[in-house]
Amino acid sequence: MRQLIRIAVEMWRAVKFELLPTFGSLLTIFLAMILPGIVWVASKNLSRAESELRKNLVMNVFLTGELSSSRADSLKNQFLRIGGVTGAGYVSRDDALSRMKARFGGEILEGLDENPLPSSFELRVTEAVLEPRAARALVTRLKAFPEVDDVVFAGELLSRLGKVLRSVKMLGYALALLVAFTAIFIVANTVRVAIADRRKTVEIMQLVGATRGYILTPFVLLGGLLGLVGAVISVFALAEISGYISRSFVLIKFLMPHEIVAFILTGLLLGMLGAVVARENI
Amino acid sequence: MLTLENVSKHYGHRQAALTDISFSVGKGELMFLTGASGAGKSTLLRLLYLEEKPSSGAITLGPFNLSTITKEQIPILRRHVGVIFQDFRLIPERTAAENVALALEVVGKGRREIRRKTDDALRLVGIWHKRNNYPHQLSGGEAQRVAVARAMVNDPLVILADEPTGNLDEQNSRDLLALLRDLNLSGATIIVATHQVGLAREFGRRILHLLSGTLQGESR
């Protein structure tokens, strides 16, 4: 306990004449950490969207007209024999209408004399069909059936989403690396200034027999504290940004508690590392 | 207790700060080291608290062999050496008592022991009433007394004083040297480096004379 108080006092002494530069460092760390934070939240949400889409990978095959039950069964079996198709379900015009009413409410179709929706098949397909060439081949094959009017597949969108996701992740890694170096550099400089400011004190401590660890500990913890506080402020700012996007545009998921802890611990470690880099001054 | 054998210190090839210095200091001795500015007094003391290492020769201080000591052992040695400087070297943001306590804190003493020993040391040097003052609130003589208290609070093997009276007026200089003599009378081993030979002679103790880094002899 006595040691902790001693370290806290030394930390305060190290920054009390350097409050403005310390605040500046904190602000820079916060700004540096918020960027990968945003990328993290974005990539997390894109991943979630992609996995949702993958789970419900469906190809909509719209038909020219309503089929009898036996014809629907026969067509279903033909579809199932095609490579890449793992499941097929017939959606009659009435089913389609019920679904639309359930989803958007009955008012949307008010004023129409008859049901405008076509009957269709919903085909579940393998992930291999995500490959654009495979998707195009399947669509062509399906369109060859005389009963088929049109085929709509979100696979291309998913494929594009996958590419975006990979790019976002790469950007995230690059930013994280950049931020790691930036944070270490900023903290190292702040601690260097703090050590230089207290050069006389450090020399006197060495003179009376203080070990390097004794002298360095407050500075390393100061670095850790800068990183930690910078990360905490970033988390609050990220939560605010996520909340705003959720309220105004689209519902997005924020970081889980263990991810927040990991984010803050990363700030702490980067800060401590920065101080360790500055230690050659002692 | 302290022995130097053929100790030399060179900076580069040409500049010899100390050449072939040999002498011993017994336990409980008060010794003066005199010489003009640049004679090598401060360099010699720096070798004793390992601010620098000798270029050649052997130094032993109590159980420590200063020629072979490792970097990690230097803090341990310094806990057994009290040093007093001309410019006091007190930490400005610590009070007089906190400056003295620092020497005990770094060796890991308990809070009560630190308090007791700090108070004892400050009483001994006659500055206890100013224990809560910061260095800038102390006169030169008072600040140097705090430095003396810090140097002796750990019962070191030796106290090294490098021109301790350099920033003091004549009366304060005499008072400070008298204080060091009193400490010596109570058992402390002390080496005082000073260019004031006359002042040193008043104490009737051993005086080593340095000239251009060489030992010229000794007197009383």
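Lettering follows sequence order; numbering is per chain, from 1.
Ion pairing between A:R198 and B:E93 holds under the 4.0 Å rule for side-chain N and carboxylate O.
Applying the 6.0 Å contact sphere to NZ of B:K53 captures more than 12 heavy atoms from other residues, nucleotides or ligands. By the 6.0 Å contact criterion, CZ on B:R115 is open, its count of non-hydrogen atoms from other residues, nucleotides or ligands being 12 or less. Atom CD of B:E113 has more than 12 neighbouring heavy atoms from other residues, nucleotides or ligands inside a 6.0 Å radius. Within 6.0 Å of atom CZ in B:R206, more than 12 heavy atoms from other residues, nucleotides or ligands are found, so the atom counts as buried in its surroundings. For A:M170, the CE atom counts as loosely surrounded, since its 6.0 Å shell holds 12 or fewer non-hydrogen atoms of other residues, nucleotides or ligands. Within a 6.0 Å radius of CZ in A:F236, no more than 12 heavy atoms belonging to other residues, nucleotides or ligands are found.
Minimum heavy-atom separation, A:M205 to B:R94: CE-NH2, 4.3 Å. Closest of all the heavy-atom pairs between B:R150 and A:I204 is NH1-CG2, 3.4 Å.
Looking at B:E98, the atoms closer than 4.5 Å to chain A (heavy atoms on both sides) all sit in the side chain, from C-beta outward.
Checking side-chain atoms of B:R79 against main-chain N and O of A:G209 turns up a donor-acceptor pair under 3.5 Å.
If you take CD on B:E51 and CG on A:L207, they are separated by 7.5 Å, rounding to the nearest 0.5 Å.
Chain A forms more heavy-atom pairs under 4.5 Å with one residue of B:V83, B:V81, B:L90 than with any other, namely B:L90.
The residue from B:V106, B:V107, B:N154 that alone fulfils the side-chain contact (heavy atoms from CB on, under 4.5 Å) condition with A:V208 is B:V106.
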